[in-house]
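Written out below as structure tokens is the structure these notes cover.
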Amino acid sequence: MADSVAAVSLADAVSASVSYDQLRVSDGTLYWLETRPDAGGVTTLTRWRAGEGKFDASPAGFNVTNNVHAYGGGSFAIAGESLWCVGEGGLYEGRHGGELDLVSRTSLGDLTLGDGELLAVRESEHGDELIAFPLLGARQLRTLVASRGFLSAPRPGPSSLAWSAWSERDMPWDACEVWVAPYSSHGHIEAPVKVAGGADESAIEPRWGPDGALYFMSDRSGWWNLFRWDGDKIEAVASIAGECAAEPWELGYASYDFLDDGRIVVAVQDGPRHRLVVIDALGTVRQVNLPYTSIKPYLAALGTTVALIGSSPTAAPQIALVHLADDDPQVEVLARSEHAGLARVQVSKATELRVRVTDGREVLALVYPPTGSPASWRAPVIVRAHPGPTASCLLRLDWQAQFFTSRGFAVVDVDYLGSTGYGRAFREALYGRWGLDDVDDCAAVANQLLTAGQAVSGQVFIRGASAGGYTALHAVAQDGPFAAATAVSAIVDPDRWTKTVPRFQRAHAMRLRGGAGRVDAAAVQRPVLFIHGTADEVAVAEDVRELADQLEARSIPHQLLLLPEVGHYVATSKRAGAALEAELAHYRAAIAAAVTSRGGHTAASGS
């Protein structure tokens, strides 16, 4: 690491890791959620209006979140001056910036305004319901649609309601349907009609256009693309070789929206990159020139302007307005996580690395060299396996990655088999191969860096969260390039996980298993750091406790850091700093051991 490069402080790495989500527009006002690690990981509703600026709309300390389908989403809705949101205990109502009153002890998600009532998804162990809750008068829930499987996206239109549905045997990115039925606040849902979707098609994100037609995303072509149903026939709005929707882990995604001038704005993913396009009435697709390479699936149109959550190799996720009235779009940043001092900090920028693996496939990785290093850099390497495993690595500034690159490490994100951004076939190819092909892909990238002389032998590590933690554990349970592993919120035993995982993800667990199987303590060959929240409901802490005990009995080096009251998302939790400190210490200990055994020199000596 160059002497002139200042290390990113632990406090900055944590405080700048704000998560922005769920952009929405109501009466010209923009709303979104902010999860702030340095404020205890509480998710706050924020509002912005031209001429007024930005301020919190939910009370201090109130956590706006829900656990419907385990991952939540769609946690608030705005009706005039009234705010409806879900928090601990159920559904709340109040005024912007004021106190909130509990109006129902039901946990809901995907909140949407209907015909004088609030529409939402309610989940139980027996299935899902689309429910309606009156905005005024008697506060009594009524069920519109019920299913033993899953429901999402209740979207009211002209005297109609659209929604998505999938069975308990599927994930929404595998097989999902769009349905429509007549709707009013006084009647029940009758005679529903299936518009799209099926066993080999994922139809998601239905919403009504200003022309009265129903729009939705479908991957019938192999990519999620936008389609239109006029009540009679379905037609493609535009054919795009890219993912025009995100894998629907959460409720309330909005990968497209309608501008006042008749155009449609869409976020498109190509591998680790996103781009913004506009589609005109003739189906012509034009790319918008933006400074962002990553766009979250929350677009919100205001006239001919679209609000988005964008990031780039030099900017962590931020809230921005993109003015699209003319051919020269202007970008106005409304909120960013970095303080002014961080704007002057030198950062590591990624380069793309493509590696051929044994079956002829190509694996793409993003390589972040040590900050300030020359083109001929050589350093310890942290290979990161993303969660999901249907997620993907994204080309954007990650301050927690910069925490390591500013200390002399290279960080490498791998889009292994099963990642989103490469079409349906690539996403499905990991089923039955989990813990095998993903591990091979990560190892192939590490070996390429070793062969190129950039990675230091004995100082290559693998780190993964959730499903990526399972990948990391299997990577050190066999011969390979990795000297140690960090497993965050890790899955340990796919078979047992099918029984402990939340209802939403059981089908995923069933389809993924059958590959490498359970992580066997006897096979683990390298030191392991486990980081796990005690309140994790997606991958329960008991599994890693048991594996740690087995490693202890076999005298295999390991550490177990349990984070009290932390759930599945460690990076945005109130203990994110402790997790980063432990991970850094873990790698430094492994480097010190390698240097001692070889009498060599460490390349990661930054403070």
Side-chain angles (χ1 to χ4, degrees), residues 1 7-17 37-38 41 348 368 370-371 379-387 393 398-414 442 446 455-456 458-473 475-476 482-492 524 526-534 536 539 541 544 547-548 551 556-564 566-594 602-607:
M1 183 175 70
V8 175
S9 73
L10 181 67
D12 281 342
V14 172
S15 65
S17 298
D38 61 349
S348 172
Y368 295 84
T371 309
V381 170
I382 304 168
V383 173
R384 301 198 302 185
H386 61 68
C393 59
D398 175 347
W399 282 108
Q400 295 191 16
Q402 300 296 323
F403 175 79
F404 291 103
T405 61
S406 68
R407 285 165 173 78
F409 293 87
V411 173
V412 182
D413 291 335
V414 181
C442 290
V456 179
Q459 298 181 24
V460 180
F461 313 110
I462 185 164
R463 186 256 197 214
S466 191
Y470 176 79
T471 301
L473 290 171
V476 292
F482 301 111
T486 299
V488 182
S489 308
I491 296 152
V492 171
V524 174
R526 300 288 185 267
V528 175
L529 168 64
F530 298 98
I531 301 175
H532 218 100
T534 61
D536 191 339
V544 297
L547 180 58
L551 294 176
I556 298 172
H558 70 282
Q559 298 175 62
L560 173 59
L561 175 62
L562 292 175
L563 305 176
V566 171
H568 196 58
Y569 295 109
V570 170
T572 55
S573 75
K574 59 186 176 183
R575 298 298 305 277
L580 277 177
E581 283 185 310
E583 189 174 350
L584 177 62
H586 177 55
Y587 301 142
R588 283 180 168 167
I591 290 172
T602 176
S605 56
S607 61

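Hydrogens, waters and symmetry mates play no part in the numbers below; they use all other heavy atoms, side chains included. Throughout, numbering of the chain's residues begins at 1 and tracks the sequence.
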Taking the side chain as every heavy atom from C-beta outward, state whether Leu580 and Phe404 have any pair of such atoms under 4.5 Å apart.
-> yes

Where Val460 and Val456 come nearest, the two heavy atoms and their spacing | CG2-O, 3.6 Å

Would you say Cys393 and Val414 make side-chain contact, with heavy atoms under 4.5 Å?
-> no

Ring geometry between Phe409 and Tyr587 (parallel below 30°, tilted from 30 to 60°, perpendicular above 60°) | tilted

Using a 4.5 Å cut-off on heavy atoms from C-beta on, say whether the side chain of Thr486 contacts that of Phe461.
-> no

Please answer whether the main-chain N or O of Val8 pairs with a side-chain N or O of Gln402 as donor and acceptor at a distance below 3.5 Å.
-> no

Shortest non-hydrogen separation from Thr572 to Ser17 and the atoms involved | CG2-O, 3.8 Å

Any side-chain heavy-atom pair from Pro527 and Gln559 closer than 4.5 angstrom?
-> no

CZ of Arg463 to CG of Asp413, rounded to nearest 0.5 Å, is 9.5 Å

Can you name the ring-ring contact (aromatic ring centres under 6.0 Å, His included) partners of Tyr470, sequence neighbours left out?
-> Trp434, His474

Do Leu547 and Leu473 come within less than 4.5 Å of each other through their side chains, counting heavy atoms only?
-> yes

Distance (rounded to the nearest 0.5 Å) between Tyr569 OH and Asp536 CG = 10.0 Å

Heavy-atom pair with the smallest gap, counting every atom of Ala410 and Pro370 | CB-CD, 3.9 Å

